[in-house]
Amino acid sequence: MGLAVRVAGKKDIHAIVNLLKKGKLNVEGIEAHLDHFLVVEELGSQQVVGTAGLEILGNQFGLLRSLAVEPAFFDEKVGWELLRILLSRAGKQGLQEIYLLTRSAPFFQFCGFKEVEWEDIPSQVKASTHFQQYTPSLSTAMVYKRATTARI
């Protein structure tokens, strides 16, 4: 069984929505941000078995949303690789901080995200419709900050 990661297209919306619904994740607004979604596809069958999306908020911030993988295909390696590619694409777009809301903090901590207080989240991120649907008592807010090096 081989897997490939690619940028999502309009033909993938139904599969993405089904994956997110299985994971009890928010499906609102996917089409508006489809250019920033990735899918994991099983080679041969071309079945979409995973997805992750990014909502771009201004020039500096992003909101990770909708990381989901079919249980039969999930392992930390698949989730990590999907997230690594998404973060790399975000970096190429100049985004410095990627935020997320999760109930799976240990996985994201392993991937380099740090917990952040809700009060410390930029207003641009808090203004996201996706963000506003979550409650502090039910979700952990986290941030991934790109390493910046000072130039001499």
Side-chain angles (χ1 to χ4, degrees), residues 1-43 45-116 120-122 124-134 139-149:
M1 160 191 75
L3 299 174
V5 177
R6 64 173 172 77
V7 175
K10 288 188 182 214
K11 66 178 181 147
D12 299 311
I13 290 176
H14 182 70
I16 291 170
V17 168
N18 284 341
L19 275 172
L20 299 181
K21 284 182 177 180
K22 283 182 187 179
K24 298 181 179 158
L25 298 172
N26 182 358
V27 298
E28 299 299 319
I30 292 169
E31 197 160 356
H33 303 284
L34 192 61
D35 293 355
H36 304 289
F37 267 74
L38 299 175
V39 292
V40 178
E41 184 176 80
E42 182 181 28
L43 298 175
S45 73
Q46 296 182 325
Q47 176 188 358
V48 172
V49 298
T51 189
L54 188 66
E55 191 172 321
I56 301 205
L57 305 162
N59 296 325
Q60 185 176 354
F61 307 118
L63 180 62
L64 175 68
R65 51 177 296 172
S66 312
L67 176 63
V69 180
E70 284 281 358
F73 293 88
F74 183 80
D75 64 26
E76 276 80 20
K77 184 177 179 186
V78 172
W80 164 243
E81 188 65 14
L82 183 56
L83 184 56
R84 185 192 65 76
I85 293 168
L86 194 71
L87 291 173
S88 175
R89 288 174 51 91
K92 289 177 183 172
Q93 294 175 328
L95 302 180
Q96 296 300 308
E97 297 177 8
I98 307 300
Y99 289 84
L100 67 86
L101 301 164
T102 186
R103 287 174 258 138
S104 304
F107 171 75
F108 290 105
Q109 285 172 330
F110 174 79
C111 297
F113 283 80
K114 307 268 187 241
E115 286 190 37
V116 63
D120 297 332
I121 297 171
Q124 283 177 285
V125 176
K126 287 180 181 176
S128 161
T129 305
H130 181 73
F131 188 94
Q132 292 176 5
Q133 294 176 3
Y134 287 81
S139 302
T140 301
M142 302 184 86
V143 64
Y144 175 88
K145 294 186 179 187
R146 296 201 58 79
T148 55
T149 54

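Heads up: numbering here begins at 1 and tracks the sequence.
Within the structure, salt bridge (Lys or Arg N to Asp or Glu O under 4.0 Å) contacts touching residues 21-33 (residues at least two apart or in different chains) are K22-E70. Each salt bridge (Lys or Arg N to Asp or Glu O under 4.0 Å) pair with one or both residues in residues 95-106, not counting sequence neighbours, would appear here, but there are none. Within the structure, every pair that satisfies the salt bridge (Lys or Arg N to Asp or Glu O under 4.0 Å) test and touches residues 46-57, not counting sequence neighbours, is listed here: E55-R65.
Every residue was checked against the side-chain hydrogen bond (donor to acceptor under 3.5 Å, both in side chains) condition with S88, not counting sequence neighbours, and none meets it. Residues satisfying the ring pair (Phe, Tyr, Trp, His ring centres under 6.0 Å) criterion with Y144, sequence neighbours excluded, are F113. The side chain to side chain contact (heavy atoms under 4.5 Å, CB included) test applied to A90 returns L54, L95, I98, not counting sequence neighbours. Under the side chain to side chain contact (heavy atoms under 4.5 Å, CB included) criterion, L25 pairs with L20, A68, not counting sequence neighbours. For F107, the side chain to side chain contact (heavy atoms under 4.5 Å, CB included) criterion is met by L67, E76, L83, C111, not counting sequence neighbours. Residues forming a side-chain hydrogen bond (donor to acceptor under 3.5 Å, both in side chains) with D35 (at least two apart in sequence, or on another chain): none. Residues meeting the side chain to side chain contact (heavy atoms under 4.5 Å, CB included) test with V39, sequence neighbours left out: R6, A8, D12, I16, V48, T51. Take H33 and apply the ring pair (Phe, Tyr, Trp, His ring centres under 6.0 Å) test, not counting sequence neighbours, and it matches no residue. Considering only residues two or more places apart in sequence or on other chains, E81 meets the salt bridge (Lys or Arg N to Asp or Glu O under 4.0 Å) condition with R84.
Closest approach of A52 to L86, counting heavy atoms only: CB-CD2, 4.0 Å. Taking each heavy atom of V49 and F73 in turn, the nearest pair found is CG1-CE1, 3.5 Å. Across all non-hydrogen atoms, the minimal contact from Y134 to S139 is CD2-OG, 3.2 Å. Pairing each heavy atom of L38 with each of I85, the nearest pair is CD1-CG2, 3.6 Å. V7 and R89 get closest at one heavy-atom pair: CG2-NH1, 3.4 Å. The nearest pair of heavy atoms linking K126 to I121 is CE-O, 3.3 Å.
For the pair Q93 and H36, the minimum side-chain heavy-atom distance is below 4.5 Å.
Taking a 6.0 Å sphere around CG of N59, one finds it holds 12 or fewer heavy atoms contributed by other residues, nucleotides or ligands.
Proximity of a side-chain donor or acceptor of Q132 to a complementary backbone N or O of A127 within less than 3.5 Å is detected.
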